[in-house]
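For reference, the structure is listed below as structure tokens.
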Amino acid sequence: MSGNRTGRPSAPRTTGRPAVPNPGDNPVRRLYTSARRAWDRPLTAYYLILGSSMLITVLGIVMVYSASQITALQLSLPGTYFFRKQFLAAVLGTVLLLLASRMPSKLHRALAYPMLLGSVFLMVLVQIPGIGVAVNGNQNWISIGGPFQLQPSEFGKLALVLWGADLLARKQDKRLLTQWKHMLVPLVPVAFMLLGLIMLGGDMGTAIILTAILFGLLWLAGAPTRLFAGVLAIAGTIGLMLITTSPNRMARLSCIGATEPGPNDTCWQAVHGIYALASGGIFGSGLGASVEKWGQLPEAHTDFIFAVTGEELGLAGTLSVLALFAALGYAGIRVAGRTEDPFVRYAAGGVTTWITAQAVINIGAVLGLLPIAGVPLPLFSYGGSALLPTMFAIGLLIAFAREDPAARAALAMRQPRFGRKRAGGSGTSRRPRSWNTMRRRASARSSGER
């Protein structure tokens with residue numbers, strides 16, 4: 001019998017074989033797992049919408065101040081003229097965002113018809129001589145006193161989203177969307193009426209955005225491919241006719257991918273937008289150091305503010321803006337995809353289609369990939385008429401993200417830390433608050449995500 005002097009059996013010898021590595025010990029895998037868990041939390045969409053929209057708005061105000069100083073001085077105005085107007089619009093838009101984020105869905109649906117009727121009424125007023133104001137050849141503005149002007153077509157986008165979502169939701173509750181007539185009528189005729197009022201003023205860019213919202217609503221409603229293709233063919237035919245019959249629109253179409261201004265400087269704006277992006281490099285020339293905004297680049301603080309951003313903040317700045325819009329678009333799609341309320345699904349999808357399509361059209365025009373449509377970059381470009389309804393739409397997305405059952409439960413469990421009180425003090429023991437007990441119970445659940 002083998003053993004040592006104490007009579008105990010000897011311990012088995014180790015073979016020296018290395019331990020098999022645990023896949024969970026891989027730092028890359030742990031990082032991926034942690035990011036996946038954080039991405040799947042109930043409040044991810046809520047924080048993405050709130051954070052990305054606020055960052056875009058703040059960065060936009062900074063870039064409006066930088067890009068508009070020279071234009072203001074050329075017009076014999078103070079250098080901060082456009083900045084002050086944009087800042088005021090941002091403050092008013094923040095109030096609208098907070099109101100919309102706290103309003104229930106029933107109140108949003110109640111606003112659908114009044115907002116649609118008000119938008120149509122204002123669009124009709126635009127076409128009345130003496131009331132409507134023409135800007136850059138497009139008569140889509142109303143003067144409301146002093147330097148302030150209103151563009152009703154911007155509010156028409158929000159009206160179409162709310163009214164269309166309410167209409168489709170009511171028809172879905174009655175199980176009428178299986179019939180193509182109920183899917184098209186009256187959604188498509190009303191949308192075409194809005195498009196007609198906009199095109200009377202010559203603003204084809206806004207008409208394209210409105211068409212994108214219409215197609216987004218039809219797609220979310222489950223329109224058959226043949227029906228969807230039919231509406232798309234009609235809209236495409238009308239758009240082609242409007243483009244071919246307008247020399248100005250044909251000239252814009254010919255400037256796609258242009259590298260020279262061309263005869264009569266037809267592509268001047270498109271080419272100098274590319275010059276601004278190319279001269280920015282990786283990190284840009286510095287905030288306020290743009291050269292193209294000194295009279296070379298038209299509409300530097302409105303339609304082509306992305307080009308000035310690329311020149312002053314470089315590739316890093318433009319990629320940051322793109323990442324923020326991508327995060328906002330993903331969060332909107334997530335809200336629309338996870339809800340059981342048809343109105344929330346249609347409204348969230350419509351808002352996401354609106355903001356994403358407008359951003360793609362604006363940035364694509366600056367990059368020379370699309371024709372210049374004359375639409376601002378949402379939340380970023382100068383313009384109070386565009387900023388106010390867009391921030392109200394962001395408030396809609398925030399409200400919808402908060403109404404998700406998992407997000408509502410997570411928000412209910414979140415309590416301010418300053419509400420806690422210490423157990424000691426004044427010689428008497430105090431009972432812990434009930435919400436601390438609820439927090440402990442919540443942490444013991446399987447999900448544990450807040």
Side-chain angles (χ1 to χ4, degrees), residues 42-62 64 83-112 114-115 118-119 148 150-151 154-159 161-163 165-166 324-325 327-332 334-336 339 341 343-344 347-352 354-355 358-359 376-419 450:
L43 292 177
T44 298
Y46 172 77
Y47 287 129
L48 280 178
I49 296 170
L50 182 62
S52 60
S53 61
M54 290 296 100
L55 287 174
I56 293 172
T57 305
V58 172
L59 181 58
I61 293 175
V62 174
V64 165
F83 165 76
R84 287 180 293 176
K85 291 182 63 177
Q86 185 74 356
F87 183 79
L88 177 60
V91 172
L92 296 177
T94 302
V95 175
L96 292 178
L97 184 148
L98 294 176
L99 289 176
S101 65
R102 293 295 179 176
M103 290 165 54
S105 297
K106 292 183 179 180
L107 187 53
H108 288 145
R109 300 183 70 168
L111 291 175
M115 188 169 295
S119 299
F148 297 99
L150 182 68
Q151 188 175 5
E154 292 292 339
F155 294 88
K157 302 174 187 176
L158 179 61
V161 168
L162 286 178
W163 178 80
D166 176 68
L324 290 174
F325 275 109
L328 182 59
Y330 166 79
R334 176 168 171 165
V335 170
T339 182
D341 188 344
F343 172 76
V344 173
V351 170
T352 305
W354 162 17
I355 296 177
Q358 187 164 329
L377 189 58
L379 302 173
F380 202 83
S381 296
Y382 168 79
S385 294
L387 185 61
L388 294 180
T390 306
M391 294 195 74
F392 187 90
I394 295 296
L396 284 178
L397 290 180
I398 294 175
F400 297 154
R402 291 169 59 93
E403 289 180 1
D404 181 78
R408 190 186 300 115
L411 287 172
M413 288 189 296
R414 295 182 66 87
Q415 297 292 338
R417 294 184 177 181
F418 55 79
R450 292 178 282 118

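In what follows, residues are counted from 1 in the order of the sequence shown. We use all heavy atoms of the structure for the numbers below, so side chains are in, but hydrogens, waters and symmetry mates are not.
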Does Leu98 offer a backbone N or O that forms a donor-acceptor pair with the side chain of Ser101 under 3.5 Å?
yes

Nearest heavy-atom neighbours spanning Val351 and Leu396
CG2-CD1, 4.3 Å

Taking Gln86 for its side chain and Phe380 for its backbone only, find out whether a donor-acceptor pair lies under 3.5 Å.
no

Heavy-atom distance under 4.5 Å between the side chains of Leu48 and Tyr330, does that happen here?
yes

Nearest heavy-atom neighbours spanning Val64 and Ser381
CG2-C, 4.2 Å

How long is the gap from CE on Met115 to CH2 on Trp163, to the nearest 0.5 Å?
14.5 Å

Which atom of Ala348 lies closest to which atom of Ala336, heavy atoms considered:
CB-CB, 4.0 Å

Show, in sequence, the C-alpha distance, side-chain angles and deciding distance for Ile49 and Ile394, and conclude whether the side chain to side chain contact (heavy atoms under 4.5 Å, CB included) test is met.
CA-CA 7 Å; Ile49 296 170; Ile394 295 296; 4.1 Å; yes

State, with a plain yes or no, whether a side-chain heavy atom of Lys157 is found less than 4.5 Å away from one of Ser119.
no

Would you check if the side chain of Thr390 reaches a backbone N or O of Ala386 as a donor-acceptor pair within less than 3.5 Å?
yes

Working to the nearest 0.5 Å, report the span between CZ of Phe83 and CG of Leu88.
11.0 Å

Passes side chain to side chain contact (heavy atoms under 4.5 Å, CB included), Tyr46 versus Ile398? Steps please.
CA-CA 6 Å; Tyr46 172 77; Ile398 294 175; 3.6 Å; yes

Which atoms form the tightest heavy-atom contact between Ala89 and Leu387, and what is the distance?
C-CD2, 3.8 Å

Val95 side chain near Leu99 side chain, heavy-atom distance below 4.5 Å:
yes

Show the nearest heavy-atom pair for residues Gly329 and Thr352, with the distance to one decimal.
O-CG2, 3.5 Å

For a quick test of reading the model, state the closest non-hydrogen atom pair linking Leu158 to Pro389 and the distance between them.
CD2-O, 4.2 Å

Min side-chain heavy-atom separation Leu107-Pro104 under 4.5 Å
yes

Any donor-acceptor pair under 3.5 Å linking the side chain of His108 with the backbone of Ala100?
yes

Would the number of heavy atoms belonging to other residues, nucleotides or ligands and lying under 6.0 Å from CZ of Arg102 be above 12?
no

Applying side chain to side chain contact (heavy atoms under 4.5 Å, CB included) to Met54 and Leu97, what does each step give before you reach the verdict?
CA-CA 11 Å; Met54 290 296 100; Leu97 184 148; 3.7 Å; yes

Using the rule given for side chain to side chain contact (heavy atoms under 4.5 Å, CB included), can you reason through Asp166 versus Arg109, listing the C-alpha separation, both sets of side-chain angles and the distance that settles it, and then say yes or no?
CA-CA 6 Å; Asp166 176 68; Arg109 300 183 70 168; 2.8 Å; yes

Looking at Ser385 and Gln151, would you say the former's side chain and the latter's main chain have a donor-acceptor pair under 3.5 Å?
yes

